[in-house]
Structures are given as C-alpha cells and as structure tokens.
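Notes follow the structure.
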Amino acid sequence: MNICVFLSAADLDERYTRPAREFAELLGKGGHTLVWGGSDVGLMKVVADGVQEAGGRLLGVSVEFLANKARPGADEMVIAADLAERKKLLLEKADAVVIMVGGTGTLDEATEILELKKHGRTEKPVVLLNTAGFYDGLREQFRRMEAEGFLPRPLAELVFFADEPVGALAYLEEQLGVH
C-alpha cells in the first residue's frame, strides 16, 4: 500500500520523533511504500530512514526550490514545479494519507485532502496521528464545525484520529482490506 505522510521537515523533540520512527518501522515491516515530500531533513528524514531500514520503499515528491534537500537513494523521486503540483502528485500516488505533526504546510495539506473528501472527490482513508496531543485543538475545532453544521458529511467519514502509530496503520489496513 502506498501511504502518503504529510509531516514537518523541522528537527523536532524526541516526543515527536519516537512515535514517527515507530510508525515508519511499522510501515516498512508491513512492506508498504512511503509517499512523502522527499526531503532528507528533520522529521521527514526520520520517517524515511525508518521505512527504508525496515524494508519499505520510498517514493518522494520534492519541489524545484527544495530539490537540493531531496533524499538521495529514494526508490523513486519526482520533482514538482511548485507546491500545488507537489500536493496533487502526492495525493495521486497514495492509497491513503497520514497527517503527522507539522506546521502551516502540513496543515495546508491536511485541509486540502479533507476538502476533497468532503466534496466526494476522493475516498482515500485519512488518519490524523495525534502524537502527544498535538492536534487536540484541531480535533476540537473539527468537532465544532460538525456540530454547528459546517460539514456536509460526518467527521468520522472524513478523518480518523489515532493517538498511536499502531492504531493509525491498523485503521488504514482495515479500510483498504490489507492484512
């Protein structure tokens, strides 16, 4: 299964890198392919290292202005012209999406896939990996959107919140019938 992971390229604290490594190891051991932003820095590097070390494949989609940070030795690396094309390619190449901790770029990617799901433009499963409660505020905001009628579909149909990596991968495998 090709799993797109949206996440930060920042160097982060152990409370974020440990669960990211754990998820990467599960992904690699499961024989899955990581579809990611292609960078060889920060949390993106941590996850790519973990997947590759555990026997998984790496399919990167970098962007021209960040091509100098693209990971050497990925199984496949595509260079997009801009961020919009990068997002489009990441989603096209994925069977499912996992949103890990990140900043504004990750949030942009997360809301785009949820918007596509909201309008029925994709039915790919989406997991928000809520490491160390990072997305508690966002979950609360989504619940308010649902309660007050801003979402035309139930929140549970748009995104699954997982607190641990094992729960995230189990949900995806169940949704896609992979065992």
Side-chain angles (χ1 to χ4, degrees), residues 1-63 65-66 68-75 77 83 86-87 90-91 93-114 124-143 155 158-175:
M1 153 167 73
N2 286 2
I3 301 174
C4 175
V5 178
F6 292 130
L7 72 168
S8 179
D11 289 315
L12 299 169
D13 186 272
E14 177 70 14
R15 69 185 162 149
Y16 298 122
T17 57
R18 183 197 47 74
R21 270 194 306 273
E22 184 184 325
F23 181 76
E25 189 176 308
L26 290 168
L27 203 150
K29 282 184 176 171
H32 303 300
T33 296
L34 171 69
V35 180
W36 95 117
S39 292
D40 202 32
V41 294
L43 200 60
M44 284 193 183
K45 178 178 176 21
V46 169
V47 171
D49 286 348
V51 169
Q52 203 163 42
E53 288 164 13
R57 289 187 72 252
L58 299 180
L59 196 171
V61 182
S62 189
V63 65
F65 72 90
L66 294 175
N68 63 323
K69 293 182 179 174
R71 183 184 182 95
D75 295 286
M77 184 65 66
L83 290 171
R86 180 197 213 182
K87 247 188 322 197
L90 284 164
L91 293 174
K93 293 177 180 296
D95 300 312
V97 174
V98 174
I99 301 151
M100 296 177 86
V101 296
T104 53
T106 303
L107 196 55
D108 170 61
E109 293 159 341
T111 54
E112 177 146 338
I113 184 70
L114 294 179
K124 293 176 184 182
V126 177
V127 173
L128 208 148
L129 186 51
N130 192 25
T131 300
F134 186 80
Y135 286 118
D136 286 350
L138 186 60
R139 177 171 23 198
E140 192 56 38
Q141 187 62 50
F142 283 150
R143 285 179 176 156
L155 182 59
L158 297 177
V159 63
F160 176 79
F161 285 85
D163 291 326
E164 295 296 329
V166 69
L169 192 59
Y171 172 82
L172 294 179
E173 289 178 339
E174 177 187 310
Q175 292 298 302

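- Among pairs with a residue in residues 1-26, those fulfilling ring pair (Phe, Tyr, Trp, His ring centres under 6.0 Å) read Tyr16-Phe134, at least two apart in sequence or across chains.
- Summarising the geometry, atom CZ belonging to Phe160 is positioned 13.0 Å from atom CD1 belonging to Ile99; distances are rounded to the nearest 0.5 Å.
- Here the straight-line distance linking atom CE of Met77 with atom CG of Leu59 works out to 8.5 Å at 0.5 Å rounding.
- When all heavy atoms are compared, the tightest approach of Ser8 to Gly102 is CB-CA, 3.7 Å.
- Side-chain contact check for Lys45 versus Lys69: every heavy-atom pair is 4.5 Å or farther apart.
- No side-chain heavy atom of Lys124 sits under 4.5 Å from any side-chain heavy atom of Asp95.
- Between Gln52 and Gly73 the shortest heavy-atom distance is NE2-O, 3.1 Å.
- Atom OG1 in Thr111 sits 9.0 Å away from atom CG in Leu138 (nearest 0.5 Å).
- Listed here is the closest heavy atom pair of Pro165 and Leu129: N-CD1, 3.8 Å.
- The heavy-atom pair separating Thr106 from Tyr135 by the smallest distance is CG2-OH, 3.7 Å.
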When you look at Val126 and Leu158, which way does the side chain to side chain contact (heavy atoms under 4.5 Å, CB included) test go after all the steps?
CA-CA 7 Å; Val126 177; Leu158 297 177; over 6 Å; no
Would you mind writing out the side-chain donor-acceptor pairs for residues 24-42 within the sub-3.5 Å range, not counting sequence neighbours?
from  : atom 1 : to     : atom 2 : distance (Å)
Glu25 : OE2    : Lys29  : NZ     : 2.9
His32 : ND1    : Met1   : N      : 3.3
His32 : NE2    : Glu173 : OE2    : 3.0
Trp36 : NE1    : Ser39  : O      : 3.3
Asp40 : OD1    : Arg71  : NH1    : 2.8

Where do Ile113 and Val159 land on the side chain to side chain contact (heavy atoms under 4.5 Å, CB included) test, with the steps shown first?
CA-CA 10 Å; Ile113 184 70; Val159 63; over 6 Å; no
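- Residues that satisfy the salt bridge (Lys or Arg N to Asp or Glu O under 4.0 Å) test with Glu22, not counting sequence neighbours, are Arg18.
- Minimum heavy-atom separation, Gly167 to Ala162: C-CB, 4.2 Å.
- Listed by chain and residue number, Arg139 satisfy the salt bridge (Lys or Arg N to Asp or Glu O under 4.0 Å) test with Asp136 (two or more places apart in sequence, or in another chain).
- Residue Met100 holds its CE atom at 11.5 Å from CG of Asn130, rounded to the nearest 0.5 Å.
- Applying the salt bridge (Lys or Arg N to Asp or Glu O under 4.0 Å) criterion to Lys87, with sequence neighbours excluded, gives Asp108, Glu112.
- In this structure the side chain of Leu155 reaches within 4.5 angstrom of the side chain of Arg143, judged on heavy atoms.
- The salt bridge (Lys or Arg N to Asp or Glu O under 4.0 Å) search around Arg86 returns none, not counting sequence neighbours.
- Contact detail for Val46 and Thr17: the closest heavy-atom pair is CG1-O, 4.0 Å.
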